[in-house]
Amino acid sequence: MSSEPPLPVPPYLEPLNPEQRQAVLHTGRPLLILAGAGSGKTRVITTKIAWLIRERGVDPRSILAVTFTNKAAREMADRARLIDGRAGDAMLRTFHSFGAWFLRRNGRFGGLEPGFVIYDDDDMVSLLSTLMEDTPRAEIKQAARRISRAKDFFISPEDPELDQIDHRKSFRKLYARYEERLAKIGNVDFGDLIKKPVEILRQEPELAARIRDRFRVILVDEYQDANVAQFELLRELCGAQTYVCVVGDDDQSIYRFRGAEVRNILEFPDRFPGAEIIRLERNYRSTLPILQAASSVVSRNQGRLGKTLKAQRGEGKLPVLAFLVGQNEETAFCAELIENSVKKTAAAWSDWAILYRTNAQSLGFETEFLHRGIPYRVVGSLKFYEREEIKDALALLSFLVNPRDEVAFRRVVNKPSRGVGPVTVDRIAGAAASLPAEDPAQAGSLEAAARALLSELSPRARSGLEIFLKVIEGGRALLSPEPEQAAGGKKTRAAKKQEGLVPGEGLSALAVRLIQESGIGEYHQSQDEISGNQRLGNLQELANAASLYPDSMEGLLEFLEHIELDRSLEDSAEAKAAKDGAVTLITFHNTKGLEFRRVIMTGLEQGIFPREDKKNEELEEERRLFYVGATRAMDELYLASCAMRRPYGRTLFLEPSLFLRELDHSALRIIGKAPSGFKTSTGTSRQPSGGSGKISSDGKWRLGDRIFHDDHGYGAVVEIREGEDGPLIRVRFETGHEKRFASAFQSAAFTKIGE
């Protein structure tokens, strides 16, 4: 008896590899497609939609496919329609878009009319402000965020688990009052677009049966990003006859701060009995050494289903682990690496991406690139000096220098709100314009005009203005007089630095004081739990930049001039970027879904990445973030770790990131001097050509060597150069002081740690 010949494979399935094809052809039991980075998951899910319609005769209107962005939903629909035009009749939406569709048709079961309005974050704050009279707006925004977070976790006001969000009884009451008010108005917020459909489906079994009969196939993309409420919605939509298929990667779950719950994907086989798992492990993006580096870190996680990525592009260059002295050397290393690749090879600027943990870290790279003429673009954030909190801090500094600066005055005199309204500000500006011109110190001074008008203002305006003027006066008092040279002139900044006359904190003490005492630091930090910390980090980085300048009026003027010169370079840099492409500056979180030929992961120090407060599940998410960053690289991957950084102008010595210890060092090219105690698998570390791992000609000193001095304490070697009498060594101490000495005449006060 002869067997029948195999059915021909449809042309649109031919490009699929065996695992992808298996996932497309799967039917029946629930399915989890565990799709590794660069494994072609979008092709699988769109092909599966078309295959179900074309080959299995599934009514496209019975297919529901959900994802997390409108862009992804449109791309999914477009690609499915290319295979079969009928796919356009399937419902391809975001979770929230589906929730809105459901409530427009069935909201009456929850007391909603079809014409309800969806409140955004600002609308939530406006509504809450009517319930929280005389409460600062920042506190109201924080309450709104916590309510949204509660809804993401499907927690109601009466739920005991609300204590995990906010344990205060006052918050529980506020949440309940907010819900009552929202229901009375007849509108919903974004959290309700998921939460209310779940509640309605549970309360109305007949409606639930009709919905389940309508949607016989449910597909979910990026399932690792689903929150608790979205899982509850998926569970309510699935009936006994529903075919459910989710696609995701547990190793790329990095949005816990947005409510994403990695357990949704880890526990899928338990929550959907009989579920099968198909692993897509063939990676089409990166070379083998890059995947090995990424996998060696993420494989340390306990909370993962496990998979092994296979590089379809084969072997390639070993990732480079660069041990650098400090953040200045880090920015220079990156700039030189990129410049050399563009000059000496066919590389384009746009081939490169620099990744960092927080937006504040972009400043050093922006400054270095502007001065070198390297075109760049900042993704997911404004350029550093365009950020609101930075503009506020610079306005304070500018007004301190020039009390006639009306733009700066108007920006910060009432920020945060202290009762100095527009009418008062206009009055002060008018009075300043009328000050007698014959007194150069007072003419046009808004500060002088404000002091003269204090007695005429309302008590609240007077109190607020006095606070602002006290901040400016106190800041000015911090500026030291310029030391005079014997000849009567002023010492140069370089001379003062060489002689140790510049305090380690430089201008950073002034910047910190203005940020704190003016209230703008607290104002920006309290705006939002997550972005507030990022804004405070940006302000900290500005203070760090100020530490390089002396704490004098001359130093402040030099600092502000430096910033203005940098900003003036931005226009030409943007024109060059538009013409020639640009290097991408981007946080690890924002790289999701992107890819670059060459990637540099920076700030790989303990306390920076991962942060010191990350433990257990949070530390595992940091590992996943490392994995996401590394797997963005197609051809080349560089890892940069600094021995020291300067938060607030204080030199801070750092240990290499835990993740660097977890790497397979035999599969890396290590350059620079590995810190003491950092053992590599090869037992040695290779030196880079011309720089980061430089050794003095007498063999006594390396960049990064730790030093102890009887008077100055701990420090590190930051520069080695050859002089007439042999190597000259420059040491920077934790206090910020620097000292130079000739290696041949090393003082007994200097001790090299480890000797």
Side-chain angles (χ1 to χ4, degrees), residues 19-35 41-68 72-73 76-77 80 87 89-99 101-102 154 194-195 197-198 200-202 205 207-250 253 260-280 305:
E19 297 79 28
Q20 291 173 333
R21 190 175 300 180
Q22 181 188 5
V24 169
L25 302 182
H26 180 277
T27 58
R29 294 191 289 176
L31 175 64
L32 166 59
I33 302 175
L34 200 60
K41 69 173 181 62
T42 304
R43 169 178 283 182
V44 170
I45 196 168
T46 55
T47 303
K48 190 173 184 70
I49 293 170
W51 179 81
L52 287 167
I53 297 169
R54 194 180 187 98
E55 314 299 334
R56 302 290 292 187
V58 174
D59 184 345
R61 291 170 297 179
S62 69
I63 298 175
L64 170 63
V66 291
T67 186
F68 287 85
M76 195 186 301
D89 292 330
M91 184 174 288
L92 281 68
R93 294 176 176 265
T94 65
F95 268 107
H96 288 93
S97 174
F98 172 79
W101 174 89
F102 177 91
F154 202 74
I194 308 298
K195 188 169 179 283
V198 177
I200 291 172
L201 289 168
R202 289 178 178 175
L207 172 62
R210 290 200 303 272
I211 291 294
R212 291 166 188 160
D213 187 60
R214 159 77 191 271
F215 298 112
R216 296 298 187 94
V217 174
I218 299 180
L219 305 164
V220 183
D221 191 18
E222 301 287 4
Y223 188 62
Q224 78 280 343
D225 294 336
N227 61 36
V228 172
Q230 288 160 344
F231 164 74
E232 296 295 342
L233 177 58
L234 175 63
R235 186 158 62 177
E236 292 305 317
L237 292 173
C238 291
Q241 304 303 315
T242 307
Y243 174 68
V244 58
C245 169
V246 302
V247 186
D249 183 2
D250 51 346
S253 180
E261 181 51 74
V262 70
R263 285 182 300 172
N264 286 339
I265 194 167
L266 296 179
E267 298 175 6
F268 183 84
D270 300 322
R271 295 175 172 180
F272 291 87
E276 295 184 65
I277 300 177
I278 295 176
R279 288 173 168 81
L280 304 184
L305 296 171

If I compare all heavy atoms of [X] with all of [Y], which pair ends up nearest, and what's the gap?
X    : Y    : result
A275 : P269 : CB-CA, 4.0 Å
Q224 : D249 : OE1-N, 2.9 Å
G248 : I265 : C-CD1, 3.7 Å
R279 : L305 : NH2-O, 3.1 Å
A73  : T67  : N-CG2, 3.5 Å
T242 : R212 : OG1-O, 4.4 Å

Steps toward side-chain contact (heavy atoms from CB on, under 4.5 Å) verdict (Q22, E276): CA-CA 12 Å; Q22 181 188 5; E276 295 184 65; 5.7 Å; no
Output the distance between atom [atom1] ([X]) and atom [atom2] ([Y]), rounded to the nearest 0.5 Å.
X    : Y    : atom1 : atom2 : result
L34  : L266 : CG    : CG    : 9.0 Å
R210 : L201 : CZ    : CG    : 10.5 Å
L237 : R214 : CG    : CZ    : 11.5 Å
R21  : I278 : CZ    : CD1   : 13.0 Å
T46  : W51  : OG1   : CH2   : 14.5 Å
I218 : C245 : CD1   : SG    : 11.5 Å

Would you call the rings of F95 and F68 parallel, tilted or perpendicular, where under 30° means parallel and over 60° means perpendicular?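 Tilted, since the angle between the ring planes falls between 30° and 60°.
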Could you tell me whether the side chain of [X] and the main chain of [Y] form a donor-acceptor pair under 3.5 Å?
X    : Y    : value
Y243 : L31  : no
T47  : V44  : no
S62  : R216 : no
R29  : F272 : no

Qualifying residue for side chain to side chain contact (heavy atoms under 4.5 Å, CB included) with V217, from V58, V244, L64, I49: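 Between V217 and the candidates, side chain to side chain contact (heavy atoms under 4.5 Å, CB included) is satisfied uniquely by V58.
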Against F268, only a single residue in I277, D250, V246 fulfils side chain to side chain contact (heavy atoms under 4.5 Å, CB included); can you say which?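 With F268 as partner, side chain to side chain contact (heavy atoms under 4.5 Å, CB included) holds for just one option, V246.
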Are the charged groups of E222 and K41 less than 4.0 angstrom apart, N to O?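 Salt bridge: yes.
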side-chain hydrogen bond (donor to acceptor under 3.5 Å, both in side chains) partners of R93, counting only residues at least two apart: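 Here the qualifying residues are S97.
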Holding to side-chain hydrogen bond (donor to acceptor under 3.5 Å, both in side chains), I want the full list of residues that pass it with R56, two or more places apart in sequence or in another chain.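 Here no residue qualifies.
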Applying side-chain contact (heavy atoms from CB on, under 4.5 Å), run through R271 and N264 and close with a yes or a no. CA-CA 9 Å; R271 295 175 172 180; N264 286 339; 2.9 Å; yes
Does any non-hydrogen side-chain atom of [Y] lie less than 4.5 Å from one of [X]?
X    : Y    : result
V247 : L219 : no
R202 : E232 : yes
E19  : I33  : no
Q230 : V66  : no

